[in-house]
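Report on one structure; see the data block that follows.
Just so it is clear, the structure is predicted and the values come from calculations on it, not from any experiment. Sequence lines set the chain letters: A, B, ... in the order given, protein chains first and strands last, and positions in each chain run from 1. Note: hydrogens, waters and symmetry copies are ignored here, and every other heavy atom, side chains too, is used.
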Amino acid sequence: MEHTLNVYNSLKRQKEVFNPINEGHIGMYVCGPTVYSDVHLGNCRTFVSFDIIYRYLMYLGYRVRYVRNITDVGHLVGDVDTGGEDKIAEKARLEQLEPMEVVQKYMNGFHDMMKVFNTLPPSIEPRATGHIIEQIEMVQSIIDNGYAYVKNGSVYFDTIKFAKENDVYGKLSGRIIEDLISESRDDLKNQDEKNHPADFAIWIKASPTHLMRWNSPWSVGFPGWHLECSAMSTKYLGKTFDIHGGGNDLKFPHHENEVAQNHGACGCAPANYWLHTNMLLMNGRKMSKSEDNSITPQELFTGESSHISKGYSPMMIRFFMLQSHYRSTLDLTDEALQAAEKGYKRLMEANKSLQALAYNGKDTEGALDKEINQLIDLVYTEMNDDFNTPKALARLFELVPKANGLKDGHLSFDEITSYTLDRLKSTFQVFIYDIFGLQDEDFGGEEGNEAVDGLMKLIIDIRQSARANKDWGTSDKIRDTLNALEIKLKDGKDGTSWSKN
RNA sequence: GGUCGCGUGGCCGAGUGGCUUAGGCACUGGUCUGCAAAACCAGGUACAGCGGUUCGAAUCCGCUCGCGACCUCCA
């Protein structure tokens, strides 16, 4: 692999050269959603970020096994000992549905939304309920290794013992072990089943009325949250794999506990590189339903929200996400969305023009040739630097005037070689569609349907005749009427083109 | 309260010691156009505040203010 890829490893808190365990292959596990409600826009950002990472790794030539789970049991509302209820079970009770109906409903919705945002499906999408046996086996291994204890049919991970014996716990999330240990004094009053508040359930005994229940050596119950990821990543990617990803907010306790479980079960670290995406904000603050500062993907598409002035298309939002780095927070505002929308259209239109260019120069290398090639090189350099999509995008935007200039005749083909034009074309094509995962949303251009294209050609011809006769009334009427239909005509030197707004 | 992170021009958003004009949007001037749009060319505004380190800091350190994340469910 000729590119050197650098990634920011949360575990080390620094950028590192990426080296996979097996040359040419990558195992990547990303924590998926708990399917107990409609998918949150913030989730979408995380999965779009990892989609781009997945796409870029494949572009680099790696064979990637991308595992993204569905958590459909074990994720509690509140804590075990304080009467916390399983999220799915709670929803099932409230909506009077079978838990699996709840799961299916929101999982379908999640998949639909992922498709709308044009994310590639993962290689494997395992579900926690489909891996109860694996989880039971892992609990047993942890018990056998002395890092878990049984209390009244539930099994708890012995965090304190693990932390004392291994210099691992807290490394990922930056916890201080001494603080965790001393925490116990404050919480003694809670009459926990747990020996220590930092311990966590890996198997939970179900109450008589609980909807989620499986047989186990310890009780009829269900597995704890965190465990499904440890068990399933091990099953499909091995005890130690390359990349583990997820939202920043999962670092603690979820990921920290995952690391502990894997060590507890097999004495080794689950992943070499940990990648965490940052949060999506709205109007500078975190999204919060209770403070009326939130928006659903649907509302964003339709514009039916007091926070935005109009609807924005899924691809436009994907582009908006590309404009910030995955490790930075991204602030969603109406103004920012409008700006991004224009930028998105400019990029897509420029690419359309670029792809239509036919080389007619003298195949000589001028200053322009060199400049274009340098910018193209930079696009790749930026992506290799921890998937820096905003910078890669900036370089593409610097190439936009070159492409448009060649089209308009401001720039001459004589200044570049045919090779460079081809390289420019393929760079745009590959980045926009294959790596950034954007899609054309209008029905204009070559991809449009034949009837519409034919009609538009006819209309444009009629208007050209009118213009030739200086019949500005007819000419402008056509343009204005089409404009009202959100079809924009653009008169250029070599004729009129059109695009859908 | 504890731990960690952030605060960049009108808006969004990269950049982490000495030219980055980052980029997008908006704005201004020009070219092109029947007019317009698009496109192209050119232009301005910045590094939260205060203090320190340094020959030199938006970039390192300290303090203050503001915001956020985690510590309890969260991508």
Side-chain angles (χ1 to χ4, degrees), chain A residues 13 30-34 36-37 39-50 68 75-79 82 84-85 87 90 170 173-176 179-180 183 197-198 225 245-254 256 276-281 284-288 319-320 322-347 349-350 353 378 382 385 388-398 400-411 467 470-472 475-476 479-480 483 488-493 496-499:
Chain A
R13 292 155 198 275
V30 173
C31 287
T34 299
Y36 68 104
S37 66
V39 62
H40 181 82
L41 191 61
N43 284 51
C44 296
R45 184 200 184 194
T46 290
F47 299 130
V48 165
S49 293
F50 281 108
R68 187 184 64 205
H75 203 156
L76 304 184
V77 181
D79 206 355
T82 50
E85 190 173 11
K87 285 191 168 189
E90 181 194 45
S173 60
R175 297 297 123 157
I176 298 165
D179 290 355
L180 278 172
E183 201 185 348
W225 184 45
N248 224 341
D249 50 353
L250 289 181
K251 255 191 207 166
F252 191 88
H254 186 59
E256 194 68 73
H276 288 99
T277 57
N278 217 138
M279 301 293 104
L280 181 67
L281 307 177
R285 333 197 96 260
K286 80 167 182 177
M287 288 209 196
S288 149
F319 174 88
F320 174 69
L322 286 167
Q323 281 191 307
S324 78
H325 187 88
Y326 76 88
R327 280 191 290 114
S328 299
T329 52
L330 172 60
D331 191 8
L332 189 95
T333 63
D334 192 53
E335 220 175 350
L337 287 169
Q338 289 196 27
E341 181 167 53
K342 292 186 180 167
Y344 167 63
K345 284 180 177 165
R346 179 168 146 85
L347 180 71
E349 286 296 311
S353 306
L378 279 175
E382 307 296 12
D385 183 16
N388 199 324
T389 57
K391 287 186 86 175
L393 203 52
R395 299 290 92 81
L396 285 182
F397 268 107
E398 288 182 62
V400 162
K402 311 299 178 204
N404 285 331
L406 286 168
K407 183 201 172 203
D408 289 355
H410 290 109
L411 298 173
R467 292 179 75 208
K470 297 196 191 277
D471 177 4
W472 309 128
S475 162
D476 289 351
R479 186 174 65 196
D480 294 345
N483 205 36
K488 200 181 277 176
L489 291 184
K490 284 177 277 193
D491 298 329
K493 279 205 155 45
T496 300
S497 62
W498 64 281
S499 64

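Judged by distance alone, with hydrogens and angles left aside, the side-chain atoms of A/Asp385 form no donor-acceptor pair with the main-chain N or O of A/Asn388 at under 3.5 Å.
With RNA chain B read from its 5' end, the first of the two nearest nucleotides for A/Thr333 and A/Leu393 is the one closest to A/Thr333. Mapped onto RNA chain B by nearest heavy atom, A/Phe319 and A/Phe252 fall at different nucleotides, with A/Phe319 at the one closer to the 5' end.
Counting non-hydrogen atoms under 4.0 angstrom, A/Leu330 reaches the backbone sugars and phosphates but no base. Using a 4.0 Å heavy-atom distance criterion, A/Ser328 is classed as a sugar-phosphate-only contact. Counting non-hydrogen atoms under 4.0 angstrom, A/His325 reaches the backbone sugars and phosphates but no base. Contacts of A/His410 with the nucleic acid, taken as non-hydrogen atoms under 4.0 Å apart, involve only primed sugar atoms and P, OP1 or OP2. Within the nucleic acid shown, A/Gly174 comes within 4.0 Å of sugar-phosphate atoms alone, with no base atom in reach, counting heavy atoms only. Contacts of A/Arg45 with the nucleic acid, taken as non-hydrogen atoms under 4.0 Å apart, are absent. Using a 4.0 Å heavy-atom distance criterion, A/Asp476 is classed as a base contact. Among the heavy atoms of the strands lying under 4.0 Å from A/Glu398 are primed sugar atoms or P, OP1, OP2 only; no base atom is included. Contact annotation for A/Ala394: base contact, defined as any heavy-atom pair under 4.0 Å involving a base atom.
Residue side chain A/Arg479 reaches the base of B/A36 through a donor-acceptor N/O pair under 3.5 Å, judged by distance alone. Within 3.5 Å, no donor on the side chain of A/Asp331 pairs with an acceptor on the base of B/G13, nor the reverse. Side chain A/Asn404 to base B/A38: no donor-acceptor pair is found below 3.5 Å. No donor-acceptor contact under 3.5 Å links the side chain of A/Thr329 to the base of B/G5.
Summarising the geometry, the separation between CG on A/Leu406 and C1' on B/A38 is reported as 17 Å, rounded to the nearest angstrom. Summarising the geometry, the separation between CD on A/Glu256 and C1' on B/U3 is reported as 13 Å, rounded to the nearest angstrom. In this structure, CZ of A/Arg327 is placed 16 Å from P of B/G13, rounded to the nearest angstrom. Taking atom CG on A/Asp334 and atom P on B/C25, their separation rounds to 17 Å, with Å as the unit.
For the atom pair CG of A/Leu250 and NE2 of A/His276, the computed distance is 7.0 Å after rounding to the nearest 0.5 Å. Rounding to the nearest 0.5 Å gives a distance of 9.0 Å between OG1 of A/Thr329 and CG of A/Leu280. The line from CG of A/Asp331 to CZ of A/Phe320 is 7.0 Å long, rounded to the nearest 0.5 Å.
With a 3.5 Å ceiling on both atom-pair distances, B/C35 lacks any Watson-Crick or G-U wobble partner. With a 3.5 Å ceiling on both atom-pair distances, B/U21 lacks any Watson-Crick or G-U wobble partner. Taking a pair to require two hydrogen-bonding distances under 3.5 Å in either a Watson-Crick or a G-U wobble arrangement, B/C67 pairs with B/G5. The base-pairing partner of B/G51, taking Watson-Crick or G-U wobble contacts with both distances under 3.5 Å, is B/C61. Pairing for B/C27 goes to B/G43, judged as Watson-Crick or G-U wobble with the two contacts each under 3.5 Å.
Both stacking criteria are satisfied for A/Trp472 over the base of B/G34: a centre-to-centre distance under 5.5 angstrom and an angle between ring planes under 30 degrees.
Contact check, A/Arg346 against B/A39: a side-chain N or O comes under 4.0 Å of OP1 or OP2. The side chain of A/Lys342 places no N or O atom within less than 4.0 Å of a non-bridging phosphate oxygen (OP1 or OP2) of B/G24. For A/Lys286, a side-chain nitrogen or oxygen approaches OP1 or OP2 of B/A69 to under 4.0 Å.
A/Phe50 does not carry A/Arg68 over the face of its six-membered ring by the limits of under 6.0 Å from the centre and within 45° of the normal.
A heavy-atom distance below 4.5 Å is not found between the side chains of A/Arg45 and A/Thr277.
Of the candidate nucleotides B/G68, B/A14, B/G24, B/G68 has the atom lying nearest to any side-chain atom of A/Arg285.
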